[in-house]
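Below, each value reflects all heavy atoms present in this structure, side chains not excepted, and no hydrogens, waters or symmetry copies.
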Amino acid sequence: MELRCPHCGFSSDVEPAELPQTSPLQVHCPRCRNSFILPAAAEPATATVASASPPPPPPLVAAAPPAPLPGGFWRRLLAALLDGLLSSVAQFALVAALRLVIELGTLHSNGGTELLLMLGGTLVSLAYYVFFTGYNGQTPGKMVLGLQVVADDGGPVGYGRAFWRETLGKFLSSILLLVGYLMVAIRADKRGLHDLIAGTRVIRC
C-alpha cells in the first residue's frame with residue numbers, strides 16, 4: 001500500500017505487515033521527520049493482516065473403549081470348581097433337611113423318597129446357576145475370579161437366556177465327552193458350546 005506524508009508530500013510503498021500493530025496507526029516520515037496519523041481508510045487492510053490466524057484445530061474425538069478380554073479356560077475352570085463346591089453345599093443342606101423331615105414324619109425312606117431327594121438336589125443346583133447368571137451374569141465363583149457372562153452384543157444375559165445356557169447348553173457340552181467345555185481352550189473367543197447355543201460369552205470384568 002502507498003503512504004504519503006501530508007507535511008512534505010513524500011510517498012512510499014509499504015507492506016501492510018510492516019506497519020505498527022497499534023490503533024490509531026502513527027507513522028514517521030523519513031524525509032521531514034514529522035509524524036502523522038494513518039488515514040482511517042488504510043486501517044482495514046492492516047487490521048485484516050493483523051487478524052489473520054491459523055485455522056482452529058479439529059475437534060477431539062473420544063476414542064472407543066477397548067473391547068473386554070474374554071475369560072480364559074483356566075480362570076473359568078477355577079470359577080466352575082468354586083461354584084461346584086458352593087452348589088454342593090446347598091444340595092447337601094437341602095437333602096439333609098428333607099431327610100430330617102422324613103425321619104421325624106410318617107414317611108418311610110424308600111426308592112420314591114430317594115428319587116425325590118435326588119430331584120430336589122438337582123433343582124437346587126440348577127436354580128443356583130440360573131439365578132446368579134440371569135441376575136447379573138456372575139455366579140459367586142465368577143465374582144471371585146473376575147468373570148461375567150454377557151450376551152453376544154455385550155448386554156445382560158437375562159433369566160431366559162441363562163436357563164437355556166445352564167440346562168440344554170451345558171447338557172450338550174457334557175454329553176459330548178466334555179468337548180463343549182474344551183472348546184473354551186481351543187477357540188480364540190473362548191466360547192464353549194453352551195455359549196454358542198445360548199448366544200453368550202464370558203468376559204473379564
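Partners of Leu123 according to the side-chain contact (heavy atoms from CB on, under 4.5 Å) rule, which considers only residues two or more places apart in sequence or in another chain, are Leu119. For the side chain to side chain donor-acceptor pair (under 3.5 Å) test, no residue two or more places apart in sequence or in another chain qualifies with Arg204. Annotation: side-chain contact (heavy atoms from CB on, under 4.5 Å) contacts of Ala151 (sequence neighbours excluded): Asp153, Arg161.
Looking at Gln138 and Leu147, their side chains never come closer than 4.5 Å, going by heavy atoms from C-beta outward.
Panel note: side chain Ser125, backbone Gly121; no donor-acceptor pair is recorded below 3.5 Å. For the pair Arg75 (side chain) and Leu145 (backbone), a donor-acceptor distance under 3.5 Å is present.
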Name each donor-acceptor pair under 3.5 Å that joins a side chain in residues 76-85 to protein atoms two or more places apart or in another chain, with its distance.
{"from": "Arg76", "atom 1": "NH1", "to": "Lys190", "atom 2": "O", "distance (Å)": "2.6"}
{"from": "Arg76", "atom 1": "NH1", "to": "Asp195", "atom 2": "OD2", "distance (Å)": "3.4"}
{"from": "Arg76", "atom 1": "NH2", "to": "Asp195", "atom 2": "OD2", "distance (Å)": "3.0"}
{"from": "Asp83", "atom 1": "OD1", "to": "Tyr128", "atom 2": "OH", "distance (Å)": "2.8"}
{"from": "Asp83", "atom 1": "OD1", "to": "Thr139", "atom 2": "OG1", "distance (Å)": "3.3"}
{"from": "Asp83", "atom 1": "OD1", "to": "Gly141", "atom 2": "N", "distance (Å)": "2.7"}
{"from": "Asp83", "atom 1": "OD2", "to": "Thr139", "atom 2": "OG1", "distance (Å)": "2.5"}

Atom pairs and distances, side-chain donor-acceptor, residues 167-177, under 3.5 Å, sequence neighbours left out:
{"from": "Thr167", "atom 1": "OG1", "to": "Phe163", "atom 2": "O", "distance (Å)": "2.5"}
{"from": "Lys170", "atom 1": "NZ", "to": "Glu166", "atom 2": "OE1", "distance (Å)": "2.8"}
{"from": "Ser173", "atom 1": "OG", "to": "Gly169", "atom 2": "O", "distance (Å)": "3.1"}
{"from": "Ser173", "atom 1": "OG", "to": "His194", "atom 2": "N", "distance (Å)": "3.2"}
{"from": "Ser173", "atom 1": "OG", "to": "His194", "atom 2": "ND1", "distance (Å)": "3.0"}
{"from": "Ser174", "atom 1": "OG", "to": "Lys170", "atom 2": "O", "distance (Å)": "2.8"}
{"from": "Ser174", "atom 1": "OG", "to": "Tyr181", "atom 2": "OH", "distance (Å)": "3.4"}

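Separation of atoms CG (Leu94) and CZ (Phe92) is listed at 11.5 Å; rounding is to 0.5 Å. Interatomic distance, CD1 of Ile186 versus CZ of Phe73, reported as 9.5 Å (0.5 Å rounding).
Atom OH of Tyr159 is surrounded by more than 12 heavy atoms from other residues, nucleotides or ligands within 6.0 Å.
Considering every non-hydrogen atom in both Ala162 and Gly134, the closest pair reads CB-N, 3.6 Å. The minimum heavy-atom distance between Val95 and Leu117, with the atom names listed, is CG2-O, 3.9 Å.
The hydrophobic clustering, which links ILVMFWY residues whose side-chain heavy atoms are closer than 4.5 Å, places Ile203 and Val157 apart. Side-chain heavy atoms closer than 4.5 Å link hydrophobic residues (I, L, V, M, F, W, Y) into clusters, and following such links, possibly through other members, connects Val124 to Leu98. Put simply, Leu126 and Leu116 are part of two different groups of oily side chains (I, L, V, M, F, W, Y) that touch within less than 4.5 Å, one to the next. In the hydrophobic cluster analysis, where Ile, Leu, Val, Met, Phe, Trp and Tyr join through side-chain heavy atoms closer than 4.5 angstrom, Tyr129 is grouped together with Tyr135. When hydrophobic clusters are built by joining Ile, Leu, Val, Met, Phe, Trp and Tyr residues whose side-chain heavy atoms come closer than 4.5 Å, directly or via intermediates, Met143 is not grouped with Val150.
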**Request:** Determine, stepwise, if the pair Arg201 / Asp189 fulfils side-chain contact (heavy atoms from CB on, under 4.5 Å).
**Result:** CA-CA 8 Å; Arg201 55 194 176 97; Asp189 57 3; over 6 Å; no

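For residues 140-152, every residue pair satisfying the side chain to side chain donor-acceptor pair (under 3.5 Å) rule, not counting sequence neighbours, is listed here: Asp152-Arg191.
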